[in-house]
Amino acid sequence: MLLVVAAFIVAFVLLLYMISPLISPKPLKLNGAHVVVTGGSSGIGKCIAMECYKHGAFITLVARDEHKLVQAKKEVEKCAINDKQVVLCISVDVSKDYNQVESVIKQAQEKLGPVDMLVNCAGMSISGKFEEVEVDRFKKLMEVNYLGSVYPTRAVVTTMKERRMGRIMFVSSQAGQIGLFGYTAYSPSKFALRGLAEALQMEMKPYNIYVTVAYPPDTDTPGFAEENKTKPLETRLISETSGVCQPEQVAKVVVKDAVQGNFTSSFGPDGYMLSALTCGMSPVTSITEGLQQIVTMGLFRTIALFYLGSFDSIVRRCMIQREQSKAADKRE
């Protein structure tokens, strides 16, 4: 009897696996597509632009620093696969004025055509203990990391809906899946992108528009180097439990997932586990993905408890060392 049940389950899983491609989104063709990348002058954003350019896309780079934009444009252009490709640069702060963002997106579409894929990669990170982070920093992070993604998205969705096609990517962070010591200002701004993406996907799916949320780990970028200058010891030690990735590697993965229309884009074993653990009511783009989440949830939760225990141990150890150091200073 058990063998019959097992055989039935295996057959059912195989059937789901076979029909899964039939209900998955049709991949977006990047060759000739217009891809807009905010935060495209450096780091992950620049590497995503380069990866798309290697597939024949037309690129609009959006960032604040004109000098960095010019340098990024030269690097992206080296990745061309034909002489028709174009890289357009637009200097604007996507977190400040929606009307201005809407205007520059309109200009980009007039020059390179409707936006086929929008990559929201503009962002910044601030780490520090909750009571030590200046209050205005909380507001700043929400403006840059959240509203800086809302405004460009709002500027492109109408045209995408009219054309009944498109891709929208939000670059979050693994700190947007789990709240960690030192990220009381940063994590909420990245968690917010998840809520926006889930609600937006439900609205956009009938129009053949698919949303992707990317959760890259610590990545070797100028922003990461700047963050490390003020990162608390506890945060640094917790971060060191997983490695630092290269932006080129991250770009390959997230571009592939966005093209396929996958809602979640994760990187490496830790990223896969986090995405499965935190999937909740998030959309799935294939039956296979849903089955994998169901099957692995219990095991991954068990592993996660050990991770959380080690993180708490790091925090306690740092606190004890700090108190002992203070006591020694007083004795002297």
Side-chain angles (χ1 to χ4, degrees), residues 43-45 47-48 51 121 123 125 127 145 169-195 197-198 212-221 223-225 227-228 231-258 260 262-286 288-318:
I44 295 175
C47 289
I48 288 175
E51 182 67 19
C121 200
S125 176
S127 59
N145 294 345
M169 183 198 298
F170 298 102
V171 179
S172 180
S173 163
Q174 286 187 353
Q177 294 174 295
I178 174 175
L180 295 173
F181 189 105
Y183 287 141
T184 51
Y186 178 65
S187 279
S189 68
K190 290 297 188 178
F191 266 86
L193 293 175
R194 159 82 176 266
E198 287 190 4
T212 298
V213 187
Y215 298 103
D218 285 342
T219 306
D220 187 13
T221 65
F224 180 68
E227 177 195 340
N228 276 339
K231 185 178 288 185
L233 176 61
E234 293 90 339
T235 311
R236 186 178 297 110
L237 291 174
I238 290 172
S239 296
E240 287 174 358
T241 58
S242 60
V244 177
C245 297
Q246 295 302 310
E248 295 83 3
Q249 296 173 308
V250 173
K252 286 182 180 294
V253 173
V254 299
V255 168
K256 180 181 178 181
D257 284 328
Q260 294 294 331
N262 297 333
F263 181 76
T264 300
S265 179
S266 58
F267 191 87
D270 288 347
Y272 178 77
M273 182 179 74
L274 266 178
S275 294
L277 278 170
T278 60
C279 61
M281 290 287 287
S282 63
V284 293
T285 46
S286 72
T288 306
E289 180 186 3
L291 284 172
Q292 288 173 345
Q293 293 169 351
I294 293 169
V295 171
T296 59
M297 182 68 74
L299 172 62
F300 285 166
R301 178 56 177 168
T302 303
I303 297 172
L305 292 175
F306 284 97
Y307 270 100
L308 290 171
S310 69
F311 295 163
D312 287 340
S313 177
I314 288 172
V315 173
R316 285 195 300 270
R317 193 162 62 245
C318 288

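Note: hydrogens, waters and symmetry copies are ignored here, and every other heavy atom, side chains too, is used.
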Participant: Set out, in order, the CA-CA distance, both residues' side-chain angles and the distance that settles side-chain contact (heavy atoms from CB on, under 4.5 Å) for Val254 and Val171, then state yes or no.
Facilitator: CA-CA 9 Å; Val254 299; Val171 179; 6.0 Å; no
Participant: Which heavy atom in Asn145 sits nearest to a heavy atom in Ser189, and how many Å separate them?
Facilitator: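 For Asn145 and Ser189, the tightest heavy-atom pair comes out as ND2-OG, 2.9 Å.
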Participant: Which heavy atom of Tyr215 sits nearest to which heavy atom of Gly176, and what is that distance?
Facilitator: CE2-O, 4.2 Å
Participant: Grab the two heavy atoms, one from Ser187 and one from Ala175, that are nearest each other, plus how far apart they are.
Facilitator: OG-O, 2.7 Å
Participant: State the OG1-CG distance between Thr241 and Asp218, to the nearest 0.5 angstrom.
Facilitator: 9.0 Å
Participant: Where the side chain of Thr235 meets the backbone of Leu233, is there a donor-acceptor pair that is under 3.5 Å apart?
Facilitator: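 No, because the side chain of Thr235 does not come within donor-acceptor range (under 3.5 Å) of the backbone of Leu233.
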Participant: I would like to know whether Lys190 and Ser125 meet side-chain contact (heavy atoms from CB on, under 4.5 Å); could you show each step before the answer?
Facilitator: CA-CA 10 Å; Lys190 290 297 188 178; Ser125 176; over 6 Å; no
Participant: Just verifying a value: how many Å separate Ser127 OG and Glu227 CD, rounded to the nearest 0.5 Å?
Facilitator: 4.5 Å
Participant: Between Pro247 and Asp220, which heavy-atom pair has the shortest distance, and what is it?
Facilitator: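 Heavy-atom minimum between the residues: CD-O, 3.4 Å.
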Participant: Once rounded to the nearest 0.5 Å, what's the spacing between atom CG of Leu299 and atom CZ of Arg301?
Facilitator: 12.5 Å
Participant: Starting from the C-alpha separation in whole Å, work towards a yes-or-no answer on side-chain contact (heavy atoms from CB on, under 4.5 Å) for Ser173 and Tyr186.
Facilitator: CA-CA 10 Å; Ser173 163; Tyr186 178 65; 3.4 Å; yes
Participant: If you measure from CG on Asp312 to CD on Glu234, what distance do you get to the nearest 0.5 Å?
Facilitator: 12.0 Å
Participant: Do Val284 and Phe263 come within less than 4.5 Å of each other through their side chains, counting heavy atoms only?
Facilitator: no
Participant: Restricting to non-hydrogen atoms, name the atom on Pro232 and the atom on Phe181 that form the minimum distance, rounded to 0.1 Å.
Facilitator: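 Answer, listing the atom of Pro232 first, then Phe181: CB-CE2, 4.1 Å.
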Participant: If you round to the nearest 0.5 Å, how far is CD1 of Ile48 from CE of Met169?
Facilitator: 5.0 Å
Participant: Step by step, would you call Arg194 with Glu198 a salt bridge (charged side-chain N to carboxylate O under 4.0 Å, His left out)?
Facilitator: CA-CA 6 Å; Arg194 159 82 176 266; Glu198 287 190 4; 2.4 Å; yes
Participant: Are Lys252 and Glu248 ion-paired here, with the side-chain N under 4.0 Å from a carboxylate O?
Facilitator: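 So Lys252 does not pair with Glu248 through a salt bridge.
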Participant: May I have the list of side-chain donor-acceptor pairs in residues 269-279 shorter than 3.5 Å, sequence neighbours left out?
Facilitator:
residue : atom : partner : partner atom : Å
Asp270  : OD1  : Tyr307  : OH           : 3.3
Ser275  : OG   : Gln177  : NE2          : 3.2
Ser275  : OG   : Gly271  : O            : 3.0
Thr278  : OG1  : Leu274  : O            : 2.7

Participant: List in chain and number order the residues that pass ring-ring contact (aromatic ring centres under 6.0 Å, His included) with Phe170, two or more places apart in sequence or in another chain; answer none if no residue qualifies.
Facilitator: none
Participant: What are the two closest heavy atoms between Ala258 and Thr212, and how far apart are they?
Facilitator: CA-OG1, 3.5 Å
Participant: Got a second to check how far Ile44's CD1 is from Phe224's CZ, nearest 0.5 Å?
Facilitator: 11.0 Å
